Amino acid sequence: MKLWAGRFQKETDTLVNDFNSSIGFDARLYRQDIAGSIAHAEMLGKTGIIEAHEAETIVTGLKAILADIEAGGVEFSLENEDIHMNIEAELTRRVGEAGKRLHTARSRNDQVAVDTRLYVKQEIPAIIAQVLDLEKVLMKKARANLDTVMPGYTHLQRAQPTTFAHYMMAYANMFKRDITRLEDCLDRLDECPLGAGALATSTYPVDRFQTAAALGFAKPTDNSMDSVSDRDYAIELLSALSILMMHLSRFSEEIILWCSWEFKYVELDDAYSTGSSIMPQKKNPDVAELVRGKTGRVYGNLVTLLTVMKALPLAYNKDIQQDQEAIFDAVDVCLPVFAAMLDTLTVQAKNMRKAAAGGFINATDCADYLVKKGLPFREAYMIVGRLVNLCIKTGDTLDTLTLRDFRAISGLFDADVYQALALKTCV
Ligand code: ARG
């Protein structure tokens with residue numbers, strides 16, 4: 001029998017029951033839901049809204065339910081729709097009368113709002129810790145490759161020589177910003193919506209500061225209508241994760257290119273690669289590809305939630321329930337497997353260096369050489385352009401031209417030009 005059977009003349013249609021039910025995914029919130037209910041029950045007892053001994057019975061019952069869920073001993077039912085009603089029903093089944101008092105001065109609207117916030121509040125530090133682990137791998141790779149010369153690119157054309165360490169630290173900087181974005185989201189979500197009720201609070205003398213403190217929030221939220229309809233923090237999380245995934249995806253793309261035969265700058269560890277079912281020679285970068293692919297899904301989750309929220313009138317609407325699958329899917333950002341893949345990757349320094357020696361990567365340094373001899377940069381740039389053009393015709397590189405070739409184009413060139421063009425000097 002439904003909670004609301006008193007008002008209804010008919011049973012819920014099975015189609016509606018299945019469609020409306022969220023227990024299939026929101027069961028993931030059981031810990032947060034029980035924590036929220038314990039804080040609420042304790043507050044009800046302390047303020048005298050319910051008897052202290054009833055509050056105690058509720059809290060003991062909820063703790064036992066938590067232990068049993070963790071041990072796999074509680075079955076949730078579709079009939080009870082969502083995690084909130086499943087746990088309340090289980091509590092009442094176990095402790096009777098007292099269980100029926102838990103929902104005093106509360107609605108599922110503030111209940112799910114607090115569950116979702118608690119979930120995001122717990123996930124963010126976990127994600128930050130994973131980003132920090134990745135940062136450690138990047139530092140390690142950078143430290144080991146301070147002298148590993150490789151081409152730097154613009155337009156994916158060899159541009160100027162750099163080092164693998166420089167490259168790694170570029171990504172380290174991106175992830176550092178990601179951490180600050182996540183921390184920023186955490187700061188703003190740190191308010192507790194419990195007590196907002198369905199939308200307009202209640203007539204009971206609830207102590208919202210007590211529940212906020214018990215759940216580890218800095219303070220209660222200010223406006224009850226906003227409290228139950230706000231999912232900004234989830235959108236902020238998905239935005240921060242979308243940017244983080246964009247960084248991971250760019251990195252993945254480079255790794256995929258680098259381990260192709262066309263580049264062969266890196267070799268992935270066998271344990272972090274996959275083979276082909278038909279082509280015996282293949283060694284594929286599936287991990288990087290899956291991360292790149294997952295990025296699309298995380299963007300999708302952000303757009304899902306923005307779109308779900310975009311035309312909702314105040315306050316709670318059932319549409320909001322669709323936030324949960326988007327959040328659950330997005331928080332798994334593949335960081336541990338990515339970090340492990342990077343950690344075990346080996347750098348093919350010789351190939352990088354060889355690539356850095358081609359493509360006229362020292363042309364800018366050649367122009368700078370002339371500038372140091374007093375020529376305006378624009379003129380130096382034009383002269384080196386002519387030299388490159390000459391090299392392309394003769395199959396030379398700048399450092400294989402003779403001094404006579406150099407001097408035929410500008411008298412400012414001297415024997416020290418070779419030193420200026422050396423990769424080491426350029427880097
Ligand atoms: N399962 C619901 C959700 O996640 C709980 C809130 C239901 N509220 C309601 N007014 N029907 O949004």
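Every number for a ligand or one of its atoms is a count from 1 in the order of the listing. This is a predicted model, so every value here is computed, not measured.
Enclosure of atom NZ in K176 is not indicated, since only 12 or fewer non-hydrogen atoms of other residues, nucleotides or ligands lie within 6.0 angstrom. At most 12 heavy atoms of other shown residues, nucleotides or ligands fall within 6.0 angstrom of atom CE in M382.
Between Y171 and F251, the ring-plane angle classifies as parallel under the 30° and 60° cut-offs.
Within the structure, the closest approach of I320 to ligand 1 does not fall below 4.0 Å when heavy atoms are considered.
The protein heavy atom nearest to atom 10 (N) of ligand 1 is N109 OD1, 3.1 Å. Protein heavy atom closest to atom 11 (N) of ligand 1, with residue, atom name and distance, is R108 NH2, 3.4 Å. The protein heavy atom nearest to atom 6 (C) of ligand 1 is Y316 OH, 3.4 Å.
Taking any N or O of Q321, backbone or side chain, at least one lies under 3.5 Å from an N or O belonging to ligand 1.
In the vicinity of Q324, heavy-atom distances shorter than 4.0 Å reach the ligand 1 atoms 4 (O). Listed by number with element, the atoms of ligand 1 under 4.0 angstrom from any heavy atom of S22 are 1 (N). Within the listing of ligand 1, atoms 1 (N), 2 (C), 5 (C) sit less than 4.0 angstrom from a heavy atom of D82. For ligand 1 and H84, the ligand atoms under 4.0 Å from any heavy atom of the residue are 5 (C). If you number the atoms of ligand 1 from 1 as listed, the ones under 4.0 Å from a heavy atom of V112 come out as 3 (C), 4 (O), 12 (O).
Of the candidates D230, D190, D33, D323, D230 is the only one forming a salt bridge (Lys or Arg N to Asp or Glu O under 4.0 Å) with R117.
Residue contacts with ligand 1, taken as heavy atom pairs separated by less than 4.0 Å, do not involve E81 at all. Contact annotation: for Q111 versus ligand 1, there are no heavy atoms closer than 4.0 Å.
The pair R181-D184 fails the salt-bridge criterion, with no side-chain N (NZ, NE, NH1 or NH2) lying under 4.0 Å from an Asp/Glu carboxylate O. A salt bridge links D329 to R297: one of the charged nitrogens lies within less than 4.0 Å of a carboxylate oxygen. Ion pairing of D68 with R94 is present here, as a side-chain N (NZ or NE/NH1/NH2) and a carboxylate O approach within less than 4.0 Å.
Judged by the 6.0 Å and 45° rule, K121 forms no cation-pi pair with Y233.
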